[in-house]
Protein chains: 2
Amino acid sequence: MKKVIDKFRDFNRYYTRVLGLLDDHLLNSPYSLVEARILYEIHEQGPVSASQIMAEIDMDKGYLSKVLKQFAKDGLISKQLSAEDARVSLISLTAKGLKAYHALDAASHQQIEALISALSKAERRQLVEHMEGIRKLLSGSTKDS
Amino acid sequence: MKKVIDKFRDFNRYYTRVLGLLDDHLLNSPYSLVEARILYEIHEQGPVSASQIMAEIDMDKGYLSKVLKQFAKDGLISKQLSAEDARVSLISLTAKGLKAYHALDAASHQQIEALISALSKAERRQLVEHMEGIRKLLSGSTKDS
DNA sequence: GTTAATTAGTTGACAAATTCAACTAAAATT
DNA sequence: AATTTTAGTTGAATTTGTCAACTAATTAAC
């Protein structure tokens with residue numbers, strides 16, 4: 001009988017693969033994983049600073065800066081200087097950015113839908129319970145470092 | 001009340017972060033994520049072909065070839081031509097490779113241990129049940145494409 | 001309230017990771 | 001025997017990510 005930690009690690013390998021399969025699909029889009037995630041955060045958090053994005057997604061600030069620069073160049077986002085702190089720009093999605101986000105969102109949604117298509121209502125409820133259970137058990141250990 | 005798919009996606013974002021934190025720790029080692037995973041597969045599957053590794057980890061064969069080349073150069077693996085099929089080499093860990101694997105394995109083990117250190121026995125059992133529950137519910141949908 | 005230390009973000013140079021297509025050689029198919 | 005497929009390699013190119021140095025603004029210290 002395997003120990004808890006080994007089972008945990010088995011699951012991590014398994015779920016890494018699930019996430020990989022889901023992400024693959026995203027490759028029909030012109031956006032990388034991180035780009036998609038950044039668009040998501042901007043959409044989610046309304047006008048948001050680069051620092052706030054960094055707090056959500058762990059990534060190098062230099063790299064983030066470059067991705068945002070490209071987004072701006074592509075007309076996906078707009079920046080507005082913060083009134084309280086002139087160092088920070090608050091970033092929002094433009095109409096074009098919102099459209100890009102929606103496309104990614106819809107694709108991702110469909111992916112998951114396909115993944116759970118065979119599950120009954122009860123099974124879907126169980127699935128979500130398992131996910132929330134894991135999160136509950138691990139939270140406290142995964143607070144922002 | 002959020003729908004199942006949205007909760008699924010929430011969990012994916014959450015768990016991506018958990019995996020990211022765990023992987024971070026691995027950065028004290030001289031090996032990248034994929035390298036660690038490849039070492040794991042070689043250890044797990046005994047003498048194994050590059051193709052078999054590719055079946056487990058989804059990655060470009062050219063890239064895998066290069067990583068394996070470097071492993072060989074570093075003395076972590078040895079190759080032996082397959083008796084049945086002269087195109088394939090069967091890869092094994094050398095003593096040095098095994099040592100490298102064990103170091104990674106121990107570090108990863110400790111990481112998880114730290115993550116669940118606050119959990120009681122019952123909670124750990126629940127955690128594993130949730131993980132196995134997810135896997136059971138999703139398997140069939142996640143067969144090799 | 002001027003100096004020092006932090007913080008937000010940018011930039012360029014660089015290194016690492018990944019992709020891709022062309023290639024060799026062996027095996028399987030027709 | 002000729003063709004196609006499969007395993008693996010290689011080099012060139014791109015993408016991705018890191019790092020340190022930098023500017024400008026804010027906060028803390030004295």
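Quick caveat, the model's predicted, so the values are computed rather than measured. Naming convention: chains lettered A, B, ... in sequence-line order (proteins, then strands); numbering from 1 in each chain.
For A:Phe11 and B:Tyr15, the ring centers are positioned less than 6.0 Å apart.
In this entry the distance linking CG of B:Asp23 with C1' of C:dA16 reads 17 Å, nearest Å. Distance NZ (A:Lys79) to P (C:dA8): 15 Å, rounded to an integer number of Å. Separating the CG atom of A:Leu81 from the P atom of C:dA8 is a distance of 15 Å, rounded to the nearest angstrom. Going from atom CD1 of B:Ile53 over to atom P of D:dA7 covers 13 Å, rounded to whole Å. Rounded to a whole Å, the OH atom of B:Tyr63 is 17 Å from the P atom of D:dG11. In this structure, A:Asp60 atom CG and D:dT18 atom P are separated by 6 Å, rounded to whole Å. Rounding to whole angstrom units, CE of residue B:Met54 and P of D:dA7 are separated by 7 Å. At whole-Å resolution of the value, NZ in B:Lys61 and P in C:dA21 are 11 Å apart.
Checking B:Val88 against B:Lys66, the closest nucleotide of DNA chain D that is more toward the 5' end is the one next to B:Val88.
In this structure, B:Arg37 pairs ionically with B:Glu41, as a charged nitrogen and a carboxylate oxygen lie closer than 4.0 Å.
Picking from D:dA25, C:dT11, D:dT10 the nucleotide with the shortest atom distance to the side chain of A:Asp85 gives D:dA25. Among the nucleotides D:dG17, C:dG9, D:dT26, the one closest to the side chain of A:Ala86 is D:dT26. Taking the side chain of B:Arg87 as heavy atoms from C-beta on, and the options D:dT5, D:dC19, D:dT9, the nearest nucleotide is D:dT5.
Heavy atoms only, all atoms of each residue included: B:Ser108 and A:Arg9 are closest at OG-NE, 3.0 Å.
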